There are 2 protein chains.
Amino acid sequence: MSLTAKPIHVTYAYQQIAEEIEAQILRGELKPGDQLPGEAELGALFGVTRSTVREGLRQLESDGLVHRPSPRRLEVAVPQADQLTTRAGRAMALMKVTFRELWEVTMVTEPLATRLAAQRASSDEIDALQALHGDLVGSEGEMARTIELDERFHSRVAEMGHNRVLGLAREPIALLLFRGFAQIAPFAPKFYKRQIEAHSNIIAALRDRDADRAEKWARMHIEDFWRGAQIAGLEDEIALNARALS
Amino acid sequence: MSLTAKPIHVTYAYQQIAEEIEAQILRGELKPGDQLPGEAELGALFGVTRSTVREGLRQLESDGLVHRPSPRRLEVAVPQADQLTTRAGRAMALMKVTFRELWEVTMVTEPLATRLAAQRASSDEIDALQALHGDLVGSEGEMARTIELDERFHSRVAEMGHNRVLGLAREPIALLLFRGFAQIAPFAPKFYKRQIEAHSNIIAALRDRDADRAEKWARMHIEDFWRGAQIAGLEDEIALNARALS
DNA sequence: TTATGTCATATTGTCAGACCATAACGGATC
DNA sequence: GATCCGTTATGGTCTGACAATATGACATAA
C-alpha cells in the first residue's frame with residue numbers, strides 16, 4: 001500500500017562537474033582566489049567535452065562559487081552579498097510578499113542593527129554616516145534619490161553593526177520595504193521630515209554609544225514607516241512588481 | 001582628473017539570452033508555470049546556436065527562474081525557498097561567520113517567529129508541532145536526529161507565523177546555528193532537557209494564543225543556547241566548515 | 001469508456017571539430 | 001624597472017551529428 005516512492009534522479013554530466021567542483025570548494029580543497037584550469041583541460045580531466053564543462057561552469061558562476069575577473073581567468077570566489085541580495089529580492093518579489101511581511105521582519109532587524117552599530121561603530125564610520133545623512137537632507141523632492149539614500153543609510157548602519165549575517169539577511173528585505181516610500185510619500189507629506197529627524201536622532205545616539213536609545217529610535221522610525229504605509233493603504237499590498245528590481 | 005570611469009561590460013550572447021528571459025519573467029510576460037520553447041526554437045528566436053542557448057538556460061536554472069519538471073519540459077518557476085537557503089548557507093559558511101553573528105540575529109528572529117505563530121497558527125498546525133515535539137523527546141541520545149528535529153521544530157514554528165519573508169531570512173541562519181548543538185551538548189549535559197522544556201512551554205503558549213509568553217519562552221530558549229555556546233567556548237568560533245552543508 | 005500497450009517523432013544531453021578575437025605571457029626596447 | 005610588441009592559447013560562438021528517451025498519437029484491451 002504505502003509504497004515509499006523515492007524518485008530516482010539522473011545526474012547529467014554537466015551537473016556532476018558542477019557538483020564536483022563545488023564540493024572541492026566547500027571542502028576547502030579549492031580556496032577563494034585559486035585559479036582553475038582552462039575549459040579544455042577541465043574537459044580532459046573529467047573526460048567530457050568542452051561544451052559540457054562550460055554548462056557546468058555557467059552554473060557555478062551563477063551560484064557565485066567561481067567567477068571570471070577577466071574572460072581568460074577563472075577563479076574560485078566567495079559568494080558576494082549583492083548576488084544573494086538580488087536572488088532573494090527577486091524571489092520575494094515573485095512570491096508576491098506583502099508590505100506587512102516585510103515590515104514585521106524589518107521591525108526587528110533594523111533596531112538590532114542600530115543597537116549593534118551603537119556598540120561597535122568607529123567614529124570614522126559615524127562620520128561617514130553623518131555625511132550620507134547630509135546628502136539625504138539635500139535630496140528633498142527627488143524621490144528616487146531620497147529612496148536610494150535612505151536605503152544606503154540603513155545599509156550603512158547595518159554594516160556598522162559588524163554582523164555579516166544580519167547584513168545578509170536584512171538587505172533584500174530593507175531594499176523592498178523602503179521602496180514603498182515612493183508610494184507613501186504622496187499620502188504623508190510630513191513623512192520626509194520625520195524620517196530626517198529619526199535619522200538625526202539615530203546618529204546622535206550612535207555618537208553617544210547609547211545602544212538603548214539608538215535602538216529605540218530605530219524602532220520608532222520603522223513604526224513610523226508603518227503608519228505611513230497604513231495611510232497609503234499598503235499593508236497587504238504586494239511589495240512591488242518584480243520588474244522594479246534593477 | 002576625476003574622470004568618471006564607466007567600466008564597459010561586454011555582455012556575451014548567452015548572458016543576453018539569460019537576461020532577456022529573466023526580464024520577461026520579472027516583467028510578468030512569462031508567468032510561473034508557462035512553458036518555454038525548445039532549445040532549438042529559442043536558438044532560432046535569438047539568432048544563436050543551441051549551445052549558446054543552453055549556457056544561458058543553465059544560468060537561469062541555477063537562478064531558480066526556470067526549471068525542468070522533466071528533461072523535455074522547460075518552464076518558468078518561482079524560486080524555491082530551499083534553493084535560497086542553500087545558497088545563503090553556503091555563502092555564510094564560506095564567509096566564515098561566527099556563532100556570535102548567527103546568534104545575535106537568531107535572538108530576534110525566533111522570538112518574532114514564535115510571537116507571530118501564537119497569533120496566527122491554526123490548531124491543526126499546533127497539533128502537528130506537538131507531534132514533532134514528541135519525536136524530538138524520543139530522540140535523546142541520537143545527536144544527529146535531535147539536531148534535525150530541533151531545526152524542524154523551529155522551522156515549523158516559523159512557518160506557523162505565516163510570514164514568508166521571515167521564513168526565508170531565518171532558515172539558513174537557524175540551520176547553521178542549531179548545528180552548533182552538536183558541539184555544545186558534550187559540555188552541557190542538562191542542555192537537552194532544558195531544550196525540551198522550552199519547546200513544551202512554547203507549545204503551551206501557542207495553544208493559549210499568548211503571544212507575549214510564547215515570545216518570552218522563545219527568547220529564553222535562544223538565550224539558553226548562548227549560555228551553552230559560551231560553556232563550550234564557541235562564541236567566536238566559525239559556525240561550521242562549509243562541507244557540512246549537505 | 002477508461003486503461004493499457006505500441007510506435008513515431010522531437011528534443012535533450014553529449015560529442016567532435018572549427019573559427020575568430022583577444023587576453024596573457026615573454027621578450028625586446030627604452 | 002617600465003613600456004611596447006608579437007606570439008600563443010584560451011574563451012565565446014558556431015556547425016553538425018548521434019544516441020537515448022520523453023511525449024503524444026494511435027491502437028488495443030478491460
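Order of the sequence lines fixes the chain letters, A, B, ..., with proteins taken first and strands second; residue numbering starts at 1 for each chain. Quantities reported herein were computed from a predicted structural model and do not represent experimental measurements.
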When you compare the protein's N or O atoms with those of nucleotides 14-17 of chain D, which come within less than 3.5 Å of each other, and at what distance?
residue, atom, partner, partner atom, Å
D:dC14, OP2, B:T49, N, 3.0
D:dC14, OP2, B:T49, OG1, 2.9
D:dC14, OP2, B:T52, OG1, 2.7
D:dC14, O5', B:T49, OG1, 2.8
D:dA17, N6, B:R50, NH2, 3.3

Answer yes or no: is there an ion pair linking A:E159 with A:R170, defined by an N-O contact shorter than 4.0 Å? no

Under a 3.5 Å cutoff, is there a donor and acceptor pairing between the side chains of B:E55 and B:Q59? no

Need one value for B:R73: base, sugar-phosphate or nothing, where a base atom within 4.0 Å counts as base even if backbone is also close, heavy atoms only. sugar-phosphate

Would you check if A:T146 and A:F178 make a side-chain contact, meaning some heavy-atom pair closer than 4.5 Å? no

Evaluate the ring planes of B:H133 and B:H199, with Trp represented by its six-membered ring, and classify them as parallel (under 30°), tilted (30 to 60°) or perpendicular (over 60°). tilted

Return the residues of residues 37-46 of chain A meeting this criterion: a heavy atom under 4.0 Å from some atom of DNA chain D. Order them by number, or give none. A:G38, A:E39

Counting C-beta onward and ignoring hydrogens, is there a side-chain heavy-atom pair between B:M160 and B:L206 closer than 4.5 Å? yes

Going by distance alone, is a donor N or O of one side chain under 3.5 Å from an acceptor N or O of the other, for B:H67 and B:Q83? no

Check the distance between C:dT12's C1' and B:E61's CD and give it to me in whole angstrom. 11 Å

Rounded distance in Å - CG (A:L57) to C1' (D:dT13): 16 Å

DNA chain D contacts among residues 62-72 of chain A, heavy-atom distance under 4.0 Å: A:R68, A:P71, A:R72

C:dA16 P sits how many Å from A:R54 CZ, rounded? 17 Å

Less than 4.5 Å apart, side chain to side chain, heavy atoms only: is that true for A:E101 and B:L166? no

Is the shortest side-chain heavy-atom distance between B:T106 and B:F225 below 4.5 Å? no

Pairing of A:R68 and A:E39 as salt bridge, 4.0 angstrom limit: yes

Whole-Å distance, A:I17 CD1 to C:dG13 P, equals 14 Å

Could you tell me whether A:R58 and A:E61 have a side-chain N and a carboxylate O separated by less than 4.0 Å? yes

Start with the C-alpha gap between B:E125 and B:R120, add the side-chain angles, then the distance that decides, and say whether salt bridge (charged side-chain N to carboxylate O under 4.0 Å, His left out) holds. CA-CA 10 Å; B:E125 286 174 324; B:R120 299 177 185 164; over 6 Å; no

Let's see if you can work this out: which of D:dG11, C:dG13, C:dT14 has an atom nearest to the side-chain heavy atoms of A:E55? C:dT14

Closest-nucleotide 5' rank along DNA chain C - winner of A:Y14 and A:Q35: A:Y14

